[in-house]
Amino acid sequence: MSKQISQFKPDDVVYVVKLGVQFPEFYKGTVEKVTAAQIQIKRSGSYVRPERPSVCKFYDNYPVARAEFIREKLQADIDQNEKQIQTLKNKIKQLQEATDLPDSFY
């Protein structure tokens, strides 16, 4: 589960899943400062980046964070594929109703 920013303290390791933006990302950083509205995270480089909970989820566990990022990235493709499968099933059903061929033919 993701954590609230208030649960982090300076120098904690945090895994950030940034979604809902044009370029979603997943990265590891160290907490520099926590305020009520945002958390400032030092990435592997030397710069500090402020992040807001409105577009990010914060984790202290790498496998959980990575799984969440992958799930969110793939969810759009999964939804599209499920819709396409349903459309194809409907077309097969229409063909079965329109012809006298046995079900084993399909």
Side-chain angles (χ1 to χ4, degrees):
M1 293 295 298
S2 64
K3 295 177 98 177
Q4 299 293 324
I5 60 173
S6 60
Q7 294 176 304
F8 290 101
K9 295 178 175 68
D11 295 328
D12 283 351
V13 173
V14 63
Y15 299 95
V16 180
V17 176
K18 192 170 189 176
L19 303 165
V21 294
Q22 185 176 1
F23 301 106
E25 61 181 322
F26 170 77
Y27 66 90
K28 175 184 175 182
T30 305
V31 176
E32 289 289 313
K33 182 180 177 184
V34 178
T35 64
Q38 68 185 13
I39 185 171
Q40 293 185 353
I41 300 169
K42 184 176 184 178
R43 276 183 99 156
S44 58
S46 60
Y47 62 94
V48 176
R49 176 185 223 169
E51 296 291 4
R52 298 184 179 275
S54 59
V55 293
C56 295
K57 292 182 181 179
F58 306 99
Y59 299 87
D60 60 355
N61 184 327
Y62 175 82
V64 173
R66 187 70 181 162
E68 175 69 15
F69 179 70
I70 291 169
R71 187 184 67 76
E72 287 292 328
K73 289 278 289 176
L74 294 178
Q75 191 61 45
D77 292 338
I78 291 169
D79 292 343
Q80 181 181 5
N81 289 340
E82 286 176 348
K83 185 178 177 183
Q84 191 174 25
I85 288 169
Q86 188 59 44
T87 301
L88 292 173
K89 284 181 179 180
N90 291 341
K91 285 183 181 181
I92 289 171
K93 186 176 180 182
Q94 287 175 350
L95 285 173
Q96 288 174 335
E97 292 172 355
T99 61
D100 293 334
L101 295 173
D103 290 340
S104 62
F105 180 75
Y106 300 99

J.: For the pair Gln94 and Asn90, evaluate side-chain hydrogen bond (donor to acceptor under 3.5 Å, both in side chains) and give the outcome as yes or no after the intermediate values.
T.: CA-CA 6 Å; Gln94 287 175 350; Asn90 291 341; over 6 Å; no
J.: Applying salt bridge (Lys or Arg N to Asp or Glu O under 4.0 Å), name anything that partners Lys57, two or more places apart in sequence or on another chain.
T.: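 Testing Lys57 for salt bridge (Lys or Arg N to Asp or Glu O under 4.0 Å), a comparison that skips the adjacent residues, returns Glu68.
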J.: Please tell me if the side chains of Val64 and Met1 come closer than 4.5 Å, counting only heavy atoms from C-beta onward.
T.: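 The answer is no; the side chains never approach within 4.5 Å.
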J.: Taking the side chain as every heavy atom from C-beta outward, state whether Tyr15 and Asp60 have any pair of such atoms under 4.5 Å apart.
T.: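 Tyr15 vs Asp60: side chains apart.
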J.: Which of these, Glu51, Glu25, Glu32, sits in a salt bridge (Lys or Arg N to Asp or Glu O under 4.0 Å) with Arg43?
T.: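 That would be Glu25; it is the only one of Glu51, Glu25, Glu32 passing the salt bridge (Lys or Arg N to Asp or Glu O under 4.0 Å) with Arg43.
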J.: Which heavy atom of Leu95 sits nearest a heavy atom of Thr99, and at what distance?
T.: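 That closest heavy-atom pairing would be O-OG1, 2.9 Å.
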J.: Side-chain heavy atoms nearer than 4.5 Å, only ILVMFWY residues, links allowed to pass through others: does that put Val48 and Val31 together?
T.: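 No, Val48 and Val31 fall in different hydrophobic clusters.
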J.: So how far is it from Ile85 CD1 to Leu88 CG, rounded to the nearest 0.5 Å?
T.: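 Separation between the atoms: 8.0 Å.
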J.: Any heavy-atom pair between the side chains of Ile70 and Lys73 that's under 4.5 Å?
T.: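 Result no, sub-4.5 Å side-chain heavy-atom pair not found.
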J.: Tell me, yes or no, whether the heavy-atom count around Asp77 atom CG, taken from other residues, nucleotides or ligands under 6.0 Å, exceeds 12.
T.: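 Yes, the 6.0 Å shell around CG holds more than 12 heavy atoms from other groups.
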J.: Does Phe8 have Lys3 sitting over its ring (NZ/CZ under 6.0 Å from centre, angle to axis within 45°)?
T.: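 Satisfied, under 6.0 Å and within 45°.
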J.: Mind checking the OG1-CD spacing from Thr35 to Gln40? Nearest 0.5 Å is all I need.
T.: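 The CD atom of Gln40 is 7.0 Å from OG1 of Thr35, to the nearest 0.5 Å.
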J.: With a 4.5 Å heavy-atom cut-off, do Thr87 and Lys91 have their side chains touching?
T.: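 They are in contact (side-chain heavy atoms under 4.5 Å apart), so the answer is yes.
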J.: According to a hydrophobic-cluster definition based on side-chain heavy atoms being under 4.5 Å apart (Ile, Leu, Val, Met, Phe, Trp, Tyr only), do Val17 and Val13 belong together?
T.: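 Same cluster: Val17 reaches Val13 through Ile, Leu, Val, Met, Phe, Trp or Tyr contacts under 4.5 Å.
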J.: Taking the side chain as every heavy atom from C-beta outward, state whether Pro24 and Glu72 have any atom pair closer than 4.5 Å.
T.: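 Side-chain contact under 4.5 Å: no.
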J.: Rounded to the nearest 0.5 Å, how far does OH of Tyr59 lie from CZ of Phe26?
T.: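 The CZ atom of Phe26 sits 9.5 Å away from the OH atom of Tyr59.
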J.: With the side chain counted from C-beta on, respond yes when Tyr27 and Ile41 share a heavy-atom pair under 4.5 Å apart, and no when they do not.
T.: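 Yes, side chains in contact.
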J.: Nearest 0.5 Å, please: how far is CZ in Arg66 from NZ in Lys28?
T.: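 Rounded to the nearest 0.5 Å, the NZ-CZ separation comes out at 13.5 Å.
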J.: Shortest non-hydrogen contact from Ala37 to Pro53?
T.: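 The pair with the smallest heavy-atom distance is O-CD, 3.4 Å.
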